[in-house]
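Contents: one structure, followed by commentary.
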Amino acid sequence: MHVVLESLDAGAVRAVWCDDAGTPAEELELDRDELPELVAETEAEESPRWVWSDTAGWYPPLLAAGVRVDRALDLRLCRRILRLAEGAAGTPIATLPRDAWDAPPPPAAQGGGLFELERGAPPGDAVAELARQRAAVAASREPGVLALLLAAESVGSLVAAEMSHAGLPWSAERHRAILEDLLGSRDGGSRPDRMEALAQRIRDELGAPGLNPDSAPALLKALQVAGLGVQSTSRWELQEQRHPVVAPLLEYKKLHRMLTANGWHWLDEWVHDGRFRPVYVVGGVVTGRWASDGGGALQLPHSIRGAVVPDPGWKLVVADAAQLEPRVLAAMSGDAAMARAGQAVDMYEGIVRSGAVADRQEAKYGMLGAIYGGTTGASARVLPRLTRAFPAAMGLVERAARDGEQDRRVRTWLGRTSPRRGEGAADGPAAYDETRTDAERRRAQQDARSWGRFTRNFVVQGTAAEWAMCWMGALRSRLWSMGEREAPAGAVEPFARRPHLVFFLHDELIVHAPEELAEEVAEAMRVSAAQAGRMLFPAAGVEFPVQVAVVDRYADAK
DNA sequence: GACCACCGCGCG
DNA sequence: AAAGCGCGCGGTGGTC
């Protein structure tokens with residue numbers, strides 16, 4: 001059963017009950033204020049799949065009113081997937097002209113009090129769009145697989161909204177202590193004192209009294225004048241130099257980064273009432289990974305993770321999927337030898353034991369090189385040995401790279417399809433066009449290879465993102481049923497006494513859990529990971545172990 | 001003053 | 001030790 005929600009004008013909403021093909025049966029019009037009550041009642045009695053234009057618009061106000069939903073379909077996210085999906089090519093949804101459903105999502109609601117209508121016009125008739133999408137899935141090559149992708153993407157959108165709602169527990173006090181400890185104290189508007197002292201040392205060592213070390217061009221000039229043979233001010237180049245300025249400069253750069261990215265200003269802007277509430281952009285990356293908008297949620301430096309602390313009586317349960325991408329590659333390629341290596345808790349050790357490489361380091365760089373398309377250094381050196389040991393797995397990424405180079409599109413395990421290469425002058429045909437100059441041809445080939453590295457990585461990174469969404473979806477259900485024993489139904493705050501997800505970082509999840517449930521949550525994270533593996537790869541025989549830590553500070557996990 | 005490209009670095 | 005993939009963000013210095 002689907003219930004489609006649509007915005008009407010004048011603060012009204014229409015709820016339309018549809019069957020699984022998207023055919024409407026009955027409908028109800030109501031005031032926006034009445035929506036949370038309707039959703040809560042319908043949820044309890046019928047457990048439908050809610051269908052709406054976008055979760056980021058509809059769900060936050062429901063959460064703010066204390067209503068959690070179990071299942072949803074985010075039509076805008078699904079439209080984007082179906083538009084490009086090779087499996088649905090030829091269906092009307094792939095060929096119809098661009099319309100409002102293709103428009104980028106409106107900015108996410110802040111504060112949870114705004115409904116979709118107030119964030120910009122809704123894209124149109126949601127009932128019709130649901131029917132179009134259901135028809136496209138039904139007509140596609142693998143309806144079940146594509147349907148799983150749409151469901152996974154949608155559950156991701158629910159989790160994103162719920163995590164923003166709950167927030168990542170954050171101690172401003174601890175954060176300030178970390179800043180003072182590392183950067184020094186700041187009085188007035190100038191640099192914190194440890195940074196200012198370092199800046200002065202840099203000026204002294206370079207003999208450049210007026211130098212502002214924050215200015216890359218000025219710094220580069222000063223470095224060159226002082227006799228350092230560097231072409232840039234980047235860390236890896238500086239590290240090769242033997243000069244007394246290097247140590248204070250690298251230290252200064254580290255502190256400067258911390259000050260500008262996660263300093264006092266960031267704290268004031270992003271942490272309120274003991275919570276950091278980032279805005280996640282589900283499907284914001286071409287591969288299907290999430291992006292974030294503001295706050296740099298997906299770049300939280302390790303040095304600041306000591307400020308992430310649970311509420312009194314609660315714990316953080318931090319789980320990290322070990323070697324996710326190599327395991328995904330083993331599973332999707334059906335490479336029996338690599339799958340065997342993937343049965344080890346540490347897959348890189350498993351690869352060492354297979355005899356293909358000498359040590360863990362080689363296994364790691366070799367695998368990353370295979371997945372990213374490394375052409376130099378250690379990863380290139382071990383590539384031939386990996387190819388001999390794991391022909392099916394290496395064949396899969398090589399094929400993906402060739403497909404990209406030759407302008408064929410590639411797809412993830414669940415059918416997310418890579419975009420077509422841009423229409424730039426240097427693209428595609430120029431590589432083979434005899435009338436082009438040598439330079440043009442070289443550049444085109446360069447671009448083709450670069451696109452090949454993208455498609456090579458797309459299939460693995462994208463499938464890993466699909467695994468992660470299945471993991472979080474499975475975990476979300478378990479957490480909710482676990483919490484049922486703790487929280488009275490219909491509590492105003494759905495997560496007040498229940499373990500709930502608070503952070504997601506590509507292959508890592510954090511649950512904020514009542515202390516007495518922490519171990520049970522840890523087990524749920526492991527079980528959900530295994531479940532996600534079976535969901536995607538029923539026959540692969542690859543394990544998806546997660547490292548779990550129950551901690552009082554995020555920094556203490558691993 | 002608004003906008004943009006580039007650099008450099010944080011994360012996976 | 002860095003490289004090959006995917007991102008977001010702040011600072012600087014250029015353009016309009």
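Below, all heavy atoms of this structure are taken into account, side chains as well, without hydrogens, waters or symmetry copies.
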Who pairs with A:Trp290 by ring pair (Phe, Tyr, Trp, His ring centres under 6.0 Å), at least two apart in sequence or on another chain?
->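 Ring pair (Phe, Tyr, Trp, His ring centres under 6.0 Å) check on A:Trp290 returns A:Tyr280, A:Phe504.
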
What residues form a ring pair (Phe, Tyr, Trp, His ring centres under 6.0 Å) with A:His165, not counting sequence neighbours?
->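 Testing A:His165 for ring pair (Phe, Tyr, Trp, His ring centres under 6.0 Å), a comparison that skips the adjacent residues, returns none.
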
5' priority, DNA chain C, between A:Gly294 and A:Glu240 [closest heavy atom] |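 Closest to the 5' end, via its nearest nucleotide, is A:Glu240.
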
Protein-nucleic acid N or O pairs under 3.5 Å, nucleotides 10-12 of chain C:
from, atom 1, to, atom 2, distance (Å)
C:dT12, O3', A:Ser215, OG, 3.4

For the pair A:Arg327 and A:Asp507, find out whether any cationic side-chain nitrogen is under 4.0 Å from an anionic carboxylate oxygen.
->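 No.
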
Salt-bridged, A:Arg421 to A:Asp447, with N to O below 4.0 Å?
-> no

d([atom1], [X]; [atom2], [N]) in whole Å:
X	N	atom1	atom2	value
A:Arg381	C:dA2	CZ	P	14 Å
A:Met258	B:dG10	CE	P	11 Å
A:Leu255	B:dG10	CG	C1'	14 Å
A:Leu259	B:dC9	CG	P	15 Å
A:Glu362	C:dA2	CD	P	18 Å
A:Glu325	B:dC11	CD	C1'	13 Å
A:Leu249	B:dC9	CG	C1'	13 Å
A:Leu505	B:dG10	CG	P	15 Å

With respect to the phosphate group of C:dA2, does any side-chain polar atom (N or O) of A:Gln239 fall under 4.0 Å of OP1 or OP2?
-> yes

Counting only side-chain N and O atoms of A:Lys254, is one of them less than 4.0 Å from OP1 or OP2 of B:dC9?
-> no

In residues 160-175 of chain A, which ones come under 4.0 Å of DNA chain C, going by heavy atoms?
-> none

Strand contacts (DNA chain C) in residues 529-537 of chain A, 4.0 angstrom heavy-atom criterion |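 Within this stretch, nothing sits under 4.0 Å of the strand.
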
Specify whether A:Trp266 and A:His175 have parallel, tilted or perpendicular ring planes, treating 30° as the upper limit for parallel and 60° as the lower limit for perpendicular.
->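 Tilted: the ring planes of A:Trp266 and A:His175 meet at 30° to 60°.
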
Indicate the ring-plane relationship of A:His500 and A:His512, choosing parallel, tilted or perpendicular according to the 30° and 60° boundaries.
-> perpendicular

Have a look at A:Arg235 and say if it touches a base, only the backbone sugar-phosphate, or nothing, with a 4.0 Å heavy-atom cut-off.
->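 Since only primed, P, OP1 and OP2 atoms lie under 4.0 Å of A:Arg235, the category is sugar-phosphate.
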
For A:Arg449, which contact category applies under a 4.0 Å heavy-atom criterion: base, sugar-phosphate, or nothing?
-> nothing

If the condition is side chain to side chain donor-acceptor pair (under 3.5 Å), which residues does [X] pass it with, not counting sequence neighbours?
X	answer
A:Ser234	A:Ser232, A:Trp236
A:Glu325	none
A:Arg385	A:Glu362

Between N or O atoms, less than 3.5 Å apart, protein on one side and nucleotides 3-7 of chain C on the other: list the pairs.
from, atom 1, to, atom 2, distance (Å)
C:dG4, O3', A:Arg453, NE, 2.8
C:dC5, OP1, A:Arg453, NE, 2.9
C:dC5, OP1, A:Arg453, NH2, 3.3
C:dG6, O4', A:Gln461, NE2, 3.2

Expected output: side-chain A:Arg456 to main-chain A:Ala370 donor-acceptor under 3.5 Å | yes

Quick one: ring-ring contact (aromatic ring centres under 6.0 Å, His included) pairs with a partner in residues 358-393 of chain A, sequence neighbours left out?
-> none

Passing option when A:Trp170 is tested against A:Asp273, A:Val271, A:Val309 for side chain to side chain contact (heavy atoms under 4.5 Å, CB included) | A:Val271

A:Arg76 and side chain to side chain contact (heavy atoms under 4.5 Å, CB included): which partner among A:Asp102, A:Thr55, A:Asp54?
->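 That would be A:Asp54.
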
Intra- and inter-strand pairs of DNA chain C in dot-bracket (Watson-Crick or G-U wobble, both distances under 3.5 Å; | for another strand) = ....||||||||||||

When you compare the protein's N or O atoms with those of nucleotides 2-4 of chain B, which come within less than 3.5 Å of each other, and at what distance?
none

Output, in order, the C-alpha distance, side-chain angles, deciding distance and verdict of side chain to side chain donor-acceptor pair (under 3.5 Å) for A:Arg203 and A:Gln200.
-> CA-CA 5 Å; A:Arg203 292 184 200 108; A:Gln200 195 49 51; 2.7 Å; yes

